[in-house]
Amino acid sequence: MPVSYAFSDGIARITLDDGDRGNPIHPDSVAALRDAVRRSGTDGARVILLSATGRFFSVGGDIAKFGAAEDISAFVDDLAEDLHRTVSELVRSPAIVVSAVHGMAAGAGFPLAAAADVVLAARSAKFTLGYTKIGFSVDGGTSLLVHSLGLHRALRLALLNDVITADEAYAAGLVARVVEDDQLAATAEAIAVQLASGSATAQAATKQLLRAVAEESPESVLRAESLSIRARAAEPDGREGVRAFLEKRPATF
């Protein structure tokens with residue numbers, strides 16, 4: 001399974017568990033992640049701890065599957081919609097979501113990590129988007145980064161595809177703590193335990209109040225992303241971008 005799940009003491013530990021492949025985002029991994037998030041609700045989790053195995057948190061979308069799709073537009077649309085339902089459930093969950101990021105969080109892996117209420121980063125962590133490199137617009141909740149990072153920093157990341165380090169993400173306010181790589185798991189566990197021992201009702205209400213101010217309607221933002229990336233995937237630039245990526249050459253737009 002590309003995602004593993006464990007629950008104890010009020011903490012749902014959801015792990016992206018396809019580390020040998022870089023934890024790519026594809027229909028099976030998104031379905032497994034969605035099922036794990038829903039299971040955390042059934043279990044009454046107070047905290048969701050989202051982490052990953054392998055060298056990277058996530059390399060983002062599985063572009064090889066995009067290229068192999070008979071109808072790339074429909075494939076991307078379905079994938080984005082499923083991912084967005086999962087992101088929405090994380091945002092709306094009464095559980096406090098903690099993400100522990102190491103290595104690269106790229107493409108949809110970036111906004112997935114940022115969907116957490118508390119983002120922790122190893123010193124090795126790096127964040128990048130990269131959508132426009134393949135002729136796609138953003139998805140996964142990238143638009144919500146405007147609330148976390150500010151408009152022009154989000155535009156810089158989305159248009160220039162800069163890579164930001166853990167320290168830069170901390171300075172921008174996205175990351176709550178930066179720790180050495182060998183301390184990430186222990187730090188994430190300690191923070192999850194701290195949160196799980198607190199008042200679940202007070203923490204859930206606080207999360208709801210603050211997110212209501214920052215994100216008036218995340219679902220409408222996510223829907224707009226789905227419609228946009230579906231259209232981009234059907235256009236010549238989107239098709240050329242995917243071919244160029246798979247052929248390891250610069251795209252010609």
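The figures here come from the full heavy-atom set of this structure, side chains too, leaving out hydrogens, waters and symmetry mates.
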Report, as yes or no, whether the 6.0 Å neighbourhood of atom OH on Tyr170 holds more than 12 heavy atoms from other residues, nucleotides or ligands.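 Open: at most 12 neighbouring heavy atoms sit under 6.0 Å from OH of Tyr170.
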How close do [X] and [Y] get, counting heavy atoms only, and between which atoms?
X: Ala108; Y: Ile25; answer: CB-CG1, 4.2 Å
X: Val87; Y: Gly140; answer: CG2-O, 3.7 Å
X: Val91; Y: Pro218; answer: CG1-CG, 4.4 Å
X: Asp139; Y: Pro111; answer: O-CG, 3.7 Å
X: Ser99; Y: Ala113; answer: OG-O, 2.9 Å
X: Asp9; Y: Ala196; answer: O-CB, 3.9 Å

Using the side chain to side chain donor-acceptor pair (under 3.5 Å) criterion, which residues pair with [X]? Sequence neighbours excluded.
X: Thr42; answer: none
X: Asp117; answer: Lys207, Arg211
X: Glu189; answer: Arg13
X: Ser88; answer: Glu219

Is there a side-chain contact between [X] and [Y] in this structure, where contact means two heavy atoms from C-beta onward sitting under 4.5 Å apart?
X: Val37; Y: Ile14; result: yes
X: Ile48; Y: Val98; result: no
X: Leu112; Y: Leu90; result: yes
X: Val59; Y: Asn23; result: no
X: Ser226; Y: Asp77; result: yes
X: Val3; Y: Leu16; result: yes
X: Leu120; Y: Val175; result: no
X: Thr128; Y: Leu157; result: no

Where the side chain of [X] meets the backbone of [Y], is there a donor-acceptor pair that is under 3.5 Å apart?
X: Gln208; Y: Pro94; result: no
X: Thr142; Y: Val138; result: no
X: Tyr5; Y: Asp35; result: no
X: Ser124; Y: Gly103; result: yes
X: Asp71; Y: Ser73; result: yes
X: Ser51; Y: Thr15; result: no
X: Ser199; Y: Ala202; result: yes
X: Glu168; Y: Thr165; result: yes
X: Glu225; Y: Ser143; result: yes

Rounded to the nearest 0.5 Å, what separates atom [atom1] in [X] from atom [atom2] in [Y]?
X: Ile11; Y: Asp43; atom1: CD1; atom2: CG; answer: 12.5 Å
X: Leu129; Y: Leu159; atom1: CG; atom2: CG; answer: 9.5 Å
X: Asp237; Y: Phe253; atom1: CG; atom2: CZ; answer: 5.5 Å
X: Arg34; Y: Ser29; atom1: CZ; atom2: OG; answer: 11.0 Å
X: Glu81; Y: Arg223; atom1: CD; atom2: CZ; answer: 4.5 Å
X: Arg46; Y: Ser40; atom1: CZ; atom2: OG; answer: 14.0 Å

Mind checking whether [X] and [Y] sit in one hydrophobic cluster, side chains of I, L, V, M, F, W, Y counted as touching below 4.5 Å?
X: Leu246; Y: Val76; answer: yes
X: Leu144; Y: Leu33; answer: no
X: Leu50; Y: Leu174; answer: yes
X: Val193; Y: Val118; answer: yes
X: Ile72; Y: Leu83; answer: yes

Sequence neighbours excluded - salt bridge (Lys or Arg N to Asp or Glu O under 4.0 Å) pairs with any residue from residues 15-31: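 Counting only pairs at least two positions apart or across chains, the salt bridge (Lys or Arg N to Asp or Glu O under 4.0 Å) contacts touching residues 15-31 are Asp18-Arg21, Arg21-Asp62.
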Run the salt bridge (charged side-chain N to carboxylate O under 4.0 Å, His left out) test against [X] and tell me which residues pass, sequence neighbours left out.
X: Glu235; answer: Arg232
X: Arg85; answer: Asp82
X: Asp167; answer: Arg123
X: Arg243; answer: Glu240

May I ask you to list the residues sharing a hydrophobic cluster with Leu209, side-chain cutoff 4.5 Å, ordered by chain and number?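 None; Leu209 is a cluster of one.
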Less than 4.0 angstrom from a charged side-chain N to a carboxylate O is my criterion; do Arg38 and Glu89 meet it?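 Salt bridge present between Arg38 and Glu89.
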For a quick test of your reading: what N or O donor-acceptor pairs under 3.5 Å do the side chains of residues 148-156 make, sequence neighbours left out?
unit_1 : atom_1 : unit_2 : atom_2 : d
Arg153 : NH1    : Leu149 : O      : 2.8
Arg156 : NE     : Asp162 : OD2    : 2.9

According to ring-ring contact (aromatic ring centres under 6.0 Å, His included), does anything in residues 68-112 pair up with another residue at least two apart or in another chain? List the pairs.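 Of all non-adjacent pairs touching residues 68-112, those that pass ring-ring contact (aromatic ring centres under 6.0 Å, His included) are Phe66-Phe75, Phe110-Phe127.
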